[in-house]
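First listed ligand is number 1; within each ligand, the first listed atom is number 1.
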Amino acid sequence: MLTAPPAGTAPRRVLTVAGSDSGGGAGIQADLRTFALLGVHGCVAVTAVTVQNSVGVSDVQEIAPPIVAAQIDSVTSDIGVQAVKTGMLASAPIIHAVAAAFDAAGIGGDGLPLVVDPVCASMHGDALLAADARSTLVEVLFPRATLVTPNLDEVRLLTGIDVVDEVTQQAAARELHRLGARWALIKGGHLRTSDRSPDLLYDGKQFHRFDGPRMDTPHDHGAGDTLAAAAAAALAHGHSLPEAVAFAKEWVTRALAAAYPLGAGHGPVSPLWRVR
Ligand SMILES: Nc1ncnc2c1ncn2[C@@H]1O[C@H](COP(=O)(O)OP(=O)(O)O)[C@@H](O)[C@H]1O
Ligand SMILES: Cc1ncc(COP(=O)(O)O)c(N)n1
C-alpha cells in the first residue's frame, strides 16, 4: 500500500489535468480523493467545469487554453511533480496548449511519467471531448504518453476497433502502441458478456493481464479516473509501470466494491473504504 511520509515532510506530488465534476464522482474530484488516500499531494490544472450530477452532464464551460497551460507552468515551476495524469481535455486548442506546457516542463516522452486517460464522453453518453478533437488527442498526446487507459467505447472512437473478446483486446492494444503510447491498457469494464473484468496491458513486446471479478453494480461513476489516478500515484511513488497498473487495478476493484448510491442515477466508486 502507498503511504504518506512523516508529518512535516513533503509528500510526492501528482498533477491532474482534467475537468471538474460538480457531483464529485469523477474528474478532478475523483483524482484528488484517490491521491490523498494514497499519500500523494494532488495539484490541478482545470480544463473545464462540467455541470454534472448522477444522471448526466447538462452544461460545460471550457477554460481558456492559455489558462490551462499557465496552471501547468505554475505548478511544475514551483511545487514540482513526480507524475502527471490527464482526463477530460474538452477541445483541440486545449490539447495543443497542454502538450506545449508538458514539453516545457519535461512531462511525458522520456521525461516525467504521463498517464493519459483519453476521456471522450461521460458514462451517461454526454460528450466531454469535441468530436473533431479525437484525432488531435491521438496524434498529439499519445506519442507523449507513458500509459494510455481507454475504455472500450474510447477504443472504438479512437481506433475503430470493436473489442469483444481477448483477441480483439490484443489487437486494440497493438494499435494503441503503434499510435505512440509506450504502454497501452485496454480496460475491460465494458465487456459485459463475462463475469470477469479483465484489463490488458501491452508495451509492444509482452501482454500483461490484470483480471478481477465483475461487480454487479450501477454505481461505477469515476472508475476510469480512479484507476488512472491510482496508477499515476504509484508511478510517483517510484513503482514500475506493470506494478503501478497492478496496484491501480486492485485499488479500483476495492473502490467498486465500496461504491455507494447518490442521486437518482449512477453513484461513485469509493476509495473511502481506506479510511474505515
Ligand atoms: N462492474 C465492474 N466490476 C469490476 N471491475 C470493473 C467494473 N466496471 C469497471 N471495472 C474496472 O474498473 C476500471 C475502469 O474500467 P472501465 O469501466 O472500463 O472504464 P471507464 O470508467 O473509463 O469507463 C477497469 O479496471 C475495469 O476493469
Ligand atoms: C469531469 C469529468 N471527467 C471524467 C468523467 C468520466 O467519468 P465517467 O466515465 O465515470 O462518467 C466525467 N464524467 N466527468
Heavy-atom distances under 4.0 Å decide this one: backbone, side chain, both or neither, for [X] against ligand 1?
X    : answer
E154 : neither
L256 : side chain
P198 : neither

Donor-acceptor under 3.5 Å (Q52 side chain, S58 main chain): no

Is S74 reaching over with its side chain to a backbone N or O of A70, donor-acceptor style, under 3.5 angstrom? no

Looking only at protein heavy atoms, identify the closest one to [atom] and say how far it is in Å.
atom                    : value
atom 20 (P) of ligand 1 : N151 ND2, 3.6 Å
atom 26 (C) of ligand 1 : S197 OG, 3.5 Å
atom 21 (O) of ligand 1 : G224 N, 2.8 Å
atom 8 (N) of ligand 1  : G189 CA, 3.9 Å
atom 13 (C) of ligand 1 : V252 CG1, 4.0 Å
atom 1 (N) of ligand 1  : M215 O, 2.9 Å
atom 22 (O) of ligand 1 : K187 NZ, 2.8 Å

Indicate, with yes or no, if V44 and M88 share a hydrophobic cluster defined by side-chain heavy-atom contacts under 4.5 Å among Ile, Leu, Val, Met, Phe, Trp and Tyr.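 Different clusters: M88 never reaches V44 through Ile, Leu, Val, Met, Phe, Trp or Tyr contacts under 4.5 Å.
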
Output for pair (L158 CG, E175 CD), nearest 0.5 Å, gives 10.5 Å

So, taking the atom named CE in M123 and the one named CG in L128, what distance separates them when rounded to the nearest 0.5 Å?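 Answer rounded to 0.5 Å: 12.0 Å.
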
CG/D165: more than 12 non-hydrogen atoms of other groups inside 6.0 Å: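 More than 12 within 6.0 Å, yes.
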
Within 6.0 angstrom of I79 CD1, more than 12 heavy atoms from elsewhere: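 Counting other residues, nucleotides and ligands, CD1 of I79 exceeds 12 neighbours.
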
Ligand-protein N/O pairs under 3.5 Å (ligand 2):
residue  : atom   : partner : partner atom : Å
ligand 2 : 7 (O)  : D225    : OD1          : 3.4
ligand 2 : 10 (O) : H221    : ND1          : 3.0
ligand 2 : 10 (O) : G222    : N            : 2.7
ligand 2 : 11 (O) : M123    : N            : 2.8
ligand 2 : 11 (O) : H221    : ND1          : 3.3
ligand 2 : 13 (N) : Q52     : OE1          : 2.8
ligand 2 : 14 (N) : Q52     : NE2          : 3.2

Does D199 reach ligand 1, in the sense of a heavy atom lying below 4.0 Å from it? yes

So for T253, does at least one of its heavy atoms come nearer than 4.0 angstrom to any atom of ligand 1?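 No; T253 lies far enough from ligand 1 that no heavy-atom distance drops under 4.0 Å.
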
Parallel, tilted or perpendicular for H177 and Y202, by the 30°/60° rule? perpendicular

Would you check whether [X] has a nitrogen or oxygen atom less than 3.5 angstrom from a nitrogen or oxygen atom of ligand 1?
X    : value
H190 : yes
L227 : no
T217 : no

No-hydrogen, no-angle side-chain donor-acceptor test under 3.5 Å, [X] and [Y]:
X    : Y    : result
D117 : T149 : yes
H124 : S122 : yes
W251 : T226 : no
H208 : D203 : no

Does a salt bridge link [X] with [Y], judged by any charged N lying under 4.0 Å from a carboxylate O?
X    : Y    : result
D225 : R33  : no
D162 : R156 : yes
K249 : D211 : no

Ignoring hydrogens, just give me the one of A26, G212, P213 whose non-hydrogen atom is nearest atom 4 (C) of ligand 1.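 Result: the heavy atom closest to atom 4 (C) of ligand 1 is in P213.
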
Which of the numbered atoms in ligand 1 are below 4.0 angstrom from a heavy atom of R214?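 Result: 1 (N), 3 (N), 4 (C).
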
For ligand 1, which atoms, with element, lie under 4.0 Å from some heavy atom of K249?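 Near K249, meaning under 4.0 Å from one of its heavy atoms, ligand 1 has 25 (O), 26 (C), 27 (O).
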
